[in-house]
Amino acid sequence: MVDQALGHTIGKRPGGSVAPNMADYDQARARFSWAAAREELAGLPGGGVNIAHEAVDRHLGGPLAGTPALRLLGKRGDVRELTYAQLGQETDRFANVLRVLGVRRGERVFVLAGRIPELYVAALGTLKHGSVFSPLFSAFGPEPIEQRLRLGDARVLVTTPALYSRKVAQLRDRLPELAHVLLVGDEQEIAGIPGVEDFRGLMRSVDDSCEIAATAAEDVALLHFTSGTTGMPKGAVHVHEAAVAHRATGRIVLDLHERDVFWCTADPGWVTGTSYGIIAPLTLGVTSIVDEAEFDADRWYRILQDERVTVWYTAPTALRMLMRIGAEVAREYDLSALRFIASVGEPLNPEVVEWGREAFGMPVHDNWWQTETGGIMIANYRSMDVRPGSMGRPLPGIEAAVARRDANGRAVLRGDGSLELVESPEEQGELVLRPGWPSMFRGYLGEQARYQRCFAGGWYLTGDLVRRDADGYFWFVGRGDDVIKSAGHLIGPFEVESALLAHPAVAEAGVIGKPDPVAGEVVKAFVALKPGHEPDEELRRELLGFARQRLGAAVAPREIEIVSSVPRNRSGKIMRRLLKARELGLPEGDISTLEGGS
Ligand code: AMP
């Protein structure tokens with residue numbers, strides 16, 4: 001079969017190696033069109049687009065029906081496999097459960113769970129029903145959970161008895177819109193919990209076939225929360241047409257081929273866990289490995305070996321943890337099936353790219369995207385030389401540029417309303433993308449003005465600082481705001497500060513990301529106390545525990561330092577940059593706006 005758009009013959013090379021889906025970047029870029037990529041979707045039989053149809057049902061009449069869609073490795077060594085046909089039935093069942101419960105199209109179904117089979121069934125079943133799927137990190141504490149359920153007007157929540165009892169039960173009174181909580185777990189235990197329903201019992205009570213909702217390409221499908229510097233988390237809204245980009249990037253960037261064994265290690269609470277942990281591989285007829293357990297070097301190598309993983313999509317923090325124990329360990333395993341390694345979510349150090357060559361015989365391919373873009377935008381491709389430390393080049397179909405910023409960090413507009421772009425290589429500025437790709441977010445839920453502020457002069461402003469070299473490779477410089485990236489998780493300092501301020505001893509709080517060799521950054525909080533409180537070790541520990549209890553391990557500060565005051569500018573804004581400069585022993589920069597300063 002010849003793929004016109006990507007310019008080469010698809011298939012296996014003699015000797016068993018698989019030719020890359022995209023043989024030549026420049027050629028593919030010249031030929032690519034989103035219109036042609038749209039044609040790759042099956043589309044609903046009666047017209048329209050539904051992500052779950054592209055991921056599951058489109059395969060059911062053909063030879064892939066009996067192929068494993070998901071191989072779910074349980075924490076305790078149990079393995080559950082769902083073929084495409086079985087996934088079709090299970091997701092139909094869940095769509096029927098939602099119908100029986102009276103959930104309507106467009107209403108939000110949240111899942112708060114680790115990587116359990118029901119998460120995948122609920123996600124795709126929700127889409128089949130025409131409702132909106134929204135995942136939550138299972139490591140969130142009650143506070144971030146409540147905020148997101150409230151902002152998203154959650155109608156249904158799927159979770160487990162343990163997570164429910166620890167984190168959600170206490171919130172129920174404050175969430176009157178949350179009509180149904182479905183628990184996955186032991187029937188007896190669930191029967192003893194008031195106000196909840198048994199997920200599995202409901203699944204058994206309905207049919208395993210349903211009529212998929214006739215969703216249109218622009219109907220809302222997914223809601224992903226992300227953090228900003230100020231205010232509440234933002235709910236990025238994505239539509240069914242996003243599947244066009246998931247499928248295209250799965251092919252072009254991750255080089256997925258039918259029947260590949262693909263392992264995406266992302267947490268399901270994060271956008272990667274949906275776009276590439278669920279949708280992209282399934283649209284391409286791939287077998288996805290899902291590991292319920294947390295990171296463990298030996299377990300991970302064993303999975304790569306025993307499952308014969310061909311394509312692996314992971315994160316810099318995990319790779320740095322593996323690197324720490326040495327390349328020799330990797331070489332003890334038979335990783336001969338592995339063809340391609342990609343990484344996302346945080347800067348990937350050049351040493352890790354090189355270490356990949358040593359440990360796996362291939363470099364790690366960094367790529368860049370964010371919740372708002374819904375899919376990969378900039379990447380190192382299998383058929384292109386990797387420049388260690390670079391995020392790579394824009395996806396065919398994506399126009400990326402570097403915008404000049406003024407002293408306040410705002411993109412500079414020319415008199416005619418166009419953006420002032422940085423033309424010279426090496427000069428840094430804000431990464432901007434020309435809007436119009438299918439997985440682009442369609443809004444922040446209920447926050448039109450915040451959404452509008454993301455655009456200027458016909459470009460989408462990503463908020464990231466980059467530079468572009470003479471050959472068009474992009475290099476990450478840093479975030480343009482104060483948002484923290486810890487082990488790949490985006491954390492809004494405001495959320496953490498607000499939680500600390502709820503403690504009776506805390507007068508002020510300022511939160512920064514402190515560089516960390518493994519996690520990239522860890523959350524560090526500076527707090528000033530109210531009069532009458534002693535700045536001792538006991539209180540410091542109490543504050544750490546307090547924050548962890550409210551925010552959960554994914555968000556809570558790792559370090560707290562008690563200070564006499566938190567620096568603010570004259571308008572009262574916390575000067576996090578100054579806190580960071582002091583922490584790192586760097587020049588303090590312009591502090592003329594410091595409150596009490598000159
Ligand atoms: P999220 O929306 O949680 O996926 O986080 C997106 C942010 O993560 C981006 O705006 C970047 O700041 C950061 N990020 C993602 N991928 C990369 C990468 N390859 N290199 C550096 N930073 C990245």
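Whatever order the structure lists them in is the order used to number ligands and atoms, beginning at 1. Since this is a predicted model, take the numbers as computed values, not measurements.
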Heavy atom of the protein closest to atom 8 (O) of ligand 1 (residue, atom name, distance): K485 NZ, 2.9 Å
From the candidates W369, W368, W475, F474, the one that places a heavy atom nearest atom 17 (C) of ligand 1: W368
Derivation and outcome, side-chain contact (heavy atoms from CB on, under 4.5 Å), residues L282 and I278: CA-CA 7 Å; L282 296 177; I278 306 178; 4.1 Å; yes
Distance filter under 4.0 Å to G345 heavy atoms, resulting ligand 1 atoms: 8 (O), 13 (C), 14 (N), 15 (C), 16 (N), 17 (C), 23 (C)
E372-ligand 1 polar pair, N/O distance under 3.5 Å: no
Nearest protein heavy atom with distance in Å, relative to atom 6 (C) of ligand 1: Q370 CB, 3.4 Å
Residue pair T272 / Y313, side-chain donor-acceptor N/O under 3.5 Å: no
Per-atom contacts of ligand 1 with P347, taking only distances under 4.0 Å to non-hydrogen atoms: 20 (N), 21 (C), 22 (N)
D482 bridged to R577 by N-O distance under 4.0 Å: yes
Lys/Arg-Asp/Glu bridge criterion (N-O < 4.0 Å) met for E146, R550: no
Salt-bridge present (E143, R148; N to O < 4.0 Å): no
Modelled atom types, side-chain donor and acceptor of R251 and H257, under 3.5 Å: no
Ion pair D471/R393, N-O distance below 4.0 Å: no
Pair T371-H224, side-chain donor/acceptor within less than 3.5 Å: no
Atom 4 (O) of ligand 1: the protein heavy-atom neighbour that sits closest, reported with distance to 0.1 Å: W270 NE1, 3.0 Å
Test item, D366 contacting ligand 1 (heavy atom, 4.0 angstrom): yes
Under-4.0 Å heavy-atom contact with ligand 1, by part of N367 that carries it: backbone
For atom 18 (C) of ligand 1, closest protein heavy-atom neighbour: E346 O, 3.5 Å
Ligand 1 contact by D464, heavy-atom criterion under 4.0 angstrom: yes
Salt bridge present between R576 and E497 (N-O < 4.0 angstrom): yes
Polar contact flag for M391 and ligand 1 (N/O pairs, less than 3.5 Å): no
Per-atom contacts, ligand 1 versus T371 - under 4.0 Å to a heavy atom: 1 (P), 2 (O), 3 (O), 4 (O)
